[in-house]
K.L.:
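Attaching a single structure in structure tokens format; questions to follow.
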Amino acid sequence: MRSRQPKQLLLAFFGEHVVDAAVGPIRASALIGVLEGAGVAAPATRATLDRLVHSGVLARSRSGREILFSLTEHGTAVLREATHRVRGPRPFDPQGTGWTLVTFSIPEHQRMLRHRLRSTLTWEGFAPIRDGLWLAPGEVDLAGSLGPLRQDLPVNAVVAFHARELSGFPIGESVRAAWDIEAIRREHLAFIEIWDDPAAASLAPSALTVRTMLVADWLALLRADPRLPSDFMDAQWPATRSAEVYRRMHERLAGDSAAEFTALVTQGTAGPRFLRRQGGSRGGPATADTGAG
């Protein structure tokens with residue numbers, strides 16, 4: 001499993017707890033506390049928050065001495081677009097049959113837009129196969145996935161087709177060239193190794209941080225798995241088990257983490273020790289620790 005970067009954790013936190021919730025801006029100190037529980041130092045969290053503001057995902061405001069962060073319209077659209085797969089019942093199945101082909105042209109001076117487009121395509125299962133041509137299994141809903149980018153994309157910048165394999169021109173070699181199938185398997189197995197262990201529920205001092213770590217790892221796995229057709233997999237392919245493991249751990253953490261999130265957004269103070277469990281038990285009630293530090 002790839003290491004958890006501050007950006008992954010912050011996007012997981014906002015996507016899991018904020019995007020569909022009627023809550024106001026989140027205090028920087030609270031976000032720092034959540035990520036410190038996952039082993040991220042405060043300076044790294046602050047720097048990542050600054051970058052997310054610069055990229056238009058978050059907006060910064062101030063209330064007294066507190067710095068607050070909230071999702072922008074763009075950030076909300078990006079996270080909601082990902083929600084369907086994150087919470088979907090069959091996240092590793094192709095979207096329909098055949099293949100989607102995409103080619104695009106973005107001016108050199110719009111490098112950030114090009115990066116955002118490539119990131120979106122990768123999330124949707126695309127991989128480059130040759131000379132600027134990207135391939136994804138199934139019939140990808142490009143209109144939906146590119147929605148957050150529409151206002152920034154030049155006219156006719158993206159050209160897309162839905163295609164099928166022709167007799168005499170097998171696509172298998174192109175698929176194996178575009179995706180390292182065994183590397184995808186290893187990502188699944190690493191996820192299962194971490195989160196199938198009941199002790200994973202205690203990876204951090206609070207269920208809220210553990211749930212954020214879980215969702216960050218889940219997002220990384222979804223990004224790594226392009227949802228290839230079962231023809232390219234063997235009977236031991238671990239995707240179904242990964243989904244079962246995720247749902248089981250997510251359900252286990254849901255109650256306590258929701259209570260901790262409510263305490264987090266209603267308390268007036270927060271720091272690295274914003275939430276602790278009485279008696280250190282993962283099964284006991286969550287309490288807010290509003291002490292300094």
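Start at 1 with the first residue, then count along the sequence.
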K.L.:
Are more than 12 heavy atoms, taken from residues, nucleotides or ligands other than His84, located less than 6.0 Å from that residue's NE2 atom?
P.N.:
no
K.L.:
Assess the residue pair Ser29 and Glu66 against the criterion (side chain to side chain donor-acceptor pair (under 3.5 Å)); give the C-alpha distance rounded to whole Å, side-chain angles, the decisive distance to 0.1 Å, and a yes or no.
P.N.:
CA-CA 8 Å; Ser29 56; Glu66 278 279 7; 3.2 Å; yes
K.L.:
Closer than 4.0 angstrom, basic N to acidic O: yes or no for Glu251 and Arg248?
P.N.:
no
K.L.:
Looking at Arg185 and Asp234, does any basic side-chain N land under 4.0 Å from a carboxylate oxygen?
P.N.:
yes
K.L.:
Output the distance between atom OG (Ser230) and atom CG (Asp93), rounded to the nearest 0.5 Å.
P.N.:
8.5 Å
K.L.:
State which residues pass salt bridge (Lys or Arg N to Asp or Glu O under 4.0 Å) with Arg116; sequence neighbours excluded, sorted by chain then number.
P.N.:
Asp152
K.L.:
Quick one: list whatever passes salt bridge (Lys or Arg N to Asp or Glu O under 4.0 Å) with Asp197, sequence neighbours left out.
P.N.:
none
K.L.:
Using ring-ring contact (aromatic ring centres under 6.0 Å, His included) as the criterion, list what pairs up with Trp237, not counting sequence neighbours.
P.N.:
His188
K.L.:
For the side chain of Arg27 and the backbone of Leu264, is there at least one donor-acceptor N/O pair under 3.5 Å apart?
P.N.:
yes
K.L.:
Any side-chain to backbone donor/acceptor pair from Arg247 onto Pro89? Under 3.5 Å, distance only.
P.N.:
yes
K.L.:
Any sub-3.5 Å donor-acceptor pair from Arg60's side-chain atoms to Phe69's backbone N or O?
P.N.:
no
K.L.:
Salt-bridge test for Arg241 and Glu244: reply yes if a basic N is under 4.0 Å from a carboxylate O, no otherwise.
P.N.:
no
K.L.:
I'd like to know if the side chain of Arg252 and the backbone of Ala201 have a donor-acceptor N/O pair within less than 3.5 Å.
P.N.:
no
K.L.:
Check whether any side-chain N or O of Thr100 sits under 3.5 Å from a backbone N or O of Val140 as a donor-acceptor pair, and report yes or no.
P.N.:
yes
K.L.:
Taking only residues two or more places apart in sequence or in another chain, which ones pass ring-ring contact (aromatic ring centres under 6.0 Å, His included) with Phe14?
P.N.:
none
K.L.:
Return the set of residues passing ring-ring contact (aromatic ring centres under 6.0 Å, His included) with Tyr246 (not counting sequence neighbours), or none when no residue passes.
P.N.:
Trp218, His250
K.L.:
Checking Ser119 side chain against His115 main chain: does a donor-acceptor pair fall under 3.5 Å?
P.N.:
no
K.L.:
Quick check on the hydrophobic clustering: are Val78 and Leu121 connected, directly or via other members, by side-chain heavy-atom contacts under 4.5 Å?
P.N.:
no
K.L.:
Verify salt bridge (charged side-chain N to carboxylate O under 4.0 Å, His left out) between Glu260 and Arg211, making sure each step is shown before the conclusion.
P.N.:
CA-CA 11 Å; Glu260 291 176 6; Arg211 183 173 169 183; over 6 Å; no
K.L.:
Could you grab the distance from atom CD1 of Ile26 to atom CD1 of Ile67, nearest 0.5 Å is fine?
P.N.:
14.5 Å
K.L.:
Any idea which heavy atoms bring Ala157 and Ile106 closest together, and the distance?
P.N.:
CB-CD1, 4.1 Å
K.L.:
Partners of Arg87 by side chain to side chain donor-acceptor pair (under 3.5 Å), sequence neighbours excluded?
P.N.:
Asp20
K.L.:
Tell me the closest heavy-atom pair linking Leu11 and Leu79, and the distance in Å.
P.N.:
O-CD2, 4.0 Å
K.L.:
Verify, without hydrogens or angle tests, whether Thr72 (side chain) and Gly75 (backbone) share a donor-acceptor contact under 3.5 angstrom.
P.N.:
yes
K.L.:
Quick one: do Glu124 and Arg227 make a salt bridge, cutoff under 4.0 Å?
P.N.:
yes
K.L.:
Side chain of Glu165, backbone of Ile171: donor and acceptor closer than 3.5 Å?
P.N.:
yes
K.L.:
Of the non-hydrogen atoms in Gly125 and Pro226, which two are nearest, and what is the gap between them?
P.N.:
O-CB, 3.4 Å
K.L.:
Is a donor from one side chain sitting under 3.5 angstrom from an acceptor on the other, for Ser206 and Thr209?
P.N.:
yes
K.L.:
Where the side chain of His17 meets the backbone of Thr212, is there a donor-acceptor pair that is under 3.5 Å apart?
P.N.:
no
